[in-house]
Amino acid sequence: MAQAASIAKQTSFIWEGKDRKGNRVTGKSLATTEQSLRADLRRQGVLATRVKKQSNAFRSTKKPTAGDIAIFFRQLATMLTAGIPMVQSFEIVGTGHEKPSMQKLILDIKAQIESGTTLHESLAKHPLYFDDLSVNLVEAGEQAGALETLLDKIATYKEKTEAIKKKIKKALFYPAAVLVVAVIVTVILLIFVIPQFESLFKGFGADLPAFTQMVIGMSKFVQTKGWLLGLMIGGGIYAFIYFHKRSRAMRMWIDRAMLKAPVVGPILVKAAIARYARTLATTFAAGVPLVEALNSVAGATGNIVYETGVLRMKDEVATGQRLQRAMENTGLFPNMVNQMIAVGEESGSLDQMASKVADFYELEVDSAVDSMSSLLEPLIMAILGVLVGGLVIAMYLPIFKLGSVV
């Protein structure tokens, strides 16, 4: 507890000094006091000439991300493979990290290891950043004496899963961003531009086309009751997020609908299968029993429909059912995936076949995202044309009508 309290009070320092050869060196480190930092630098062969606290105004307060954790595992695996002791590896990775929150996390784990705690127990004390799968794989590596290999597998696994997440975000972000911009432009036109045309039309002394009258009516509604509409939309979004987090039934309904949605649905299916296969390959290769592996795999699929299906598979496998047959019973996996898993079971190379499935579907997701972008571009242009072009046409119809009368 004293170690943890000490780490919690650490401060970020910027320092300058000279190494054993007299060369000028600089760096940034976490320490409890300036004196302890100077002593630590002396042990490393650096004579500190200037030490200064880093101003909080320039420090990043962002929490460690999944990408940061993936890089951490990759760096740790590389250093341990190179023969660098674990404590020294944590010191190098921690003090060299640019994000203070990540520095604190790594050096906290280092302090716990120095006090005699195993690596997997130290990671388990930070569940927000290290999931059960990572902790279990590290524990398996420590017990088997192959920690470097398991850390490398964890790093590869996290890099692959993060790549899949980025592709999914890329697929959904572009159309959503364009539609949001289209709505903002439409609201600006209704509030600021349409009223100018309305005052112009009042001097015509003629009836306006029905389409123009409808747009003017929309403009008046947005000007007078737009705040109420915005409040209702904001409240609806908040309620959706609130109940989505707390209602498993709602998440199940939404995830099932998303899997069946055109264009986006097939991408989400392929991404879920890729994550399933990648996690299965990683855990099984680490020597985790299949039933326990499926428990970790379920939460890694990223979709509650697949999570429920994998948990049902786990129960069937626990009673003696073959994995391939359990997968077929869910109806969630294509025949090709089922057959490749069956071959892996029969040949004793389940991890290799699952890895091949993951590689295939990761490429499929990449290709599907690029194809979706090409398909959505004309659709988005059509929506923009209807929204913005419709308003423009509505405003110019009376002018065309007046011109024909003249």
Side-chain angles (χ1 to χ4, degrees), residues 131-134 136-137 140-141 144 146 149-150 152-154 156-161 163-165 167-168 248 251-252 255-261 265-368:
D131 54 22
D132 292 340
L133 175 61
S134 299
N136 293 337
L137 290 178
T149 303
L150 265 296
D152 182 72
K153 289 183 181 296
I154 295 171
T156 301
Y157 165 74
K158 289 193 170 293
E159 288 164 357
K160 296 281 188 181
T161 52
I164 287 287
K165 288 179 183 178
K167 289 169 186 173
I168 297 299
R248 184 177 177 85
R251 293 202 307 273
M252 174 71 81
D255 283 2
R256 184 177 285 113
M258 290 294 290
L259 292 176
K260 295 179 180 179
I267 297 178
L268 297 179
V269 169
K270 291 172 182 177
I273 295 174
R275 285 194 289 259
Y276 162 83
R278 180 64 62 193
T279 312
L280 179 63
T282 303
T283 52
F284 199 75
V288 179
L290 183 56
V291 175
E292 294 181 22
L294 288 174
N295 207 38
S296 299
V297 170
T301 55
N303 187 287
I304 198 169
V305 176
Y306 275 86
E307 179 183 342
T308 305
V310 174
L311 290 176
R312 193 162 64 245
M313 287 163 47
K314 184 197 77 170
D315 294 336
E316 293 182 14
V317 171
T319 61
Q321 183 73 273
R322 290 182 58 188
L323 177 61
Q324 175 247 342
R325 182 63 62 186
M327 289 172 61
E328 288 179 348
N329 292 340
T330 64
L332 296 173
F333 299 93
N335 186 57
M336 184 269 285
V337 176
N338 295 331
Q339 294 305 316
M340 291 186 72
I341 294 297
V343 171
E345 284 186 295
E346 293 172 0
S347 62
S349 58
L350 181 59
D351 56 330
Q352 296 177 17
M353 296 308 293
S355 182
K356 291 182 184 296
V357 171
D359 290 339
F360 174 79
Y361 275 94
E362 284 163 0
L363 290 174
E364 284 286 296
V365 170
D366 200 9
S367 176

Applying the side chain to side chain contact (heavy atoms under 4.5 Å, CB included) test to N329, which of Q321, R312, M313 qualifies?
Q321
Just grab all the ring pair (Phe, Tyr, Trp, His ring centres under 6.0 Å) pairs involving residues 282-331, residues at least two apart or on different chains.
Y306-F333
Could you check whether any side-chain N or O of S367 sits under 3.5 Å from a backbone N or O of L363, counting only pairs where one atom can act as donor and the other as acceptor?
no
Quick check: closest heavy atoms across L150 and A286, and the distance to 0.1 Å?
CD1-CB, 3.2 Å
K314 atom NZ: more than 12 heavy-atom contacts under 6.0 Å
yes
Taking every heavy atom of S347 against every heavy atom of V343, the minimum-distance pair comes out as OG-O, 2.8 Å
Quick check for you: to the nearest 0.5 Å, what is the distance between K270 atom NZ and I164 atom CD1?
11.0 Å
How long is the straight-line distance from CG of D255 back to CD1 of I304, given to the nearest 0.5 Å?
6.5 Å
Under 4.5 Å between any side-chain heavy atoms of M340 and F360, yes or no?
no
I'd like to know if the side chain of D131 pairs up with that of S134 as donor and acceptor (distance under 3.5 Å, no hydrogens or angles considered).
yes
Measure the CG-CD1 distance between L268 and I273 for me, rounded to the nearest 0.5 Å.
11.0 Å
Could you work out, with salt bridge (charged side-chain N to carboxylate O under 4.0 Å, His left out) as the rule, every residue matching E292, not counting sequence neighbours?
none
Can you see which heavy atom on A293 is nearest to which on V288, and at what distance?
N-CG1, 3.8 Å
Set out, in order, the CA-CA distance, both residues' side-chain angles and the distance that settles side-chain contact (heavy atoms from CB on, under 4.5 Å) for E346 and R322, then state yes or no.
CA-CA 10 Å; E346 293 172 0; R322 290 182 58 188; 3.6 Å; yes
Supply the atom-to-atom distance I267 CD1 to L259 CG, rounded to the nearest 0.5 angstrom.
12.0 Å
Can you see which heavy atom on A285 is nearest to which on D351, and at what distance?
CB-OD2, 3.6 Å
Spacing of N338 atom CG and L332 atom CG [to the nearest 0.5 Å]:
10.0 Å
Test side-chain hydrogen bond (donor to acceptor under 3.5 Å, both in side chains) applied to Y157 and T282, T283, D152, T279, the passing residue:
T279
As a quick check of understanding, evaluate side-chain contact (heavy atoms from CB on, under 4.5 Å) for L290 and L350, giving each step before the final call.
CA-CA 10 Å; L290 183 56; L350 181 59; 4.2 Å; yes
Any side-chain heavy-atom pair of R278 and D359 under 4.5 Å
yes
Keeping to residues at least two apart or across chains, list the salt bridge (Lys or Arg N to Asp or Glu O under 4.0 Å) pairs with something in residues 327-340.
R325-E328
Look up atom CD in E362 and atom CZ in R275, then write down how far apart they are to the nearest 0.5 Å.
10.0 Å
Nearest heavy-atom pair of Q324 and A342: which atoms, and what distance?
CG-CB, 3.5 Å
Considering all heavy atoms, the nearest A358-A277 contact
N-CB, 3.7 Å
Apply side-chain contact (heavy atoms from CB on, under 4.5 Å) to the pair T308 and R248, showing each step before the final yes or no.
CA-CA 11 Å; T308 305; R248 184 177 177 85; 3.2 Å; yes
CA sep, side-chain torsions, deciding dist, call: N295, L311, side-chain contact (heavy atoms from CB on, under 4.5 Å)
CA-CA 7 Å; N295 207 38; L311 290 176; 3.8 Å; yes
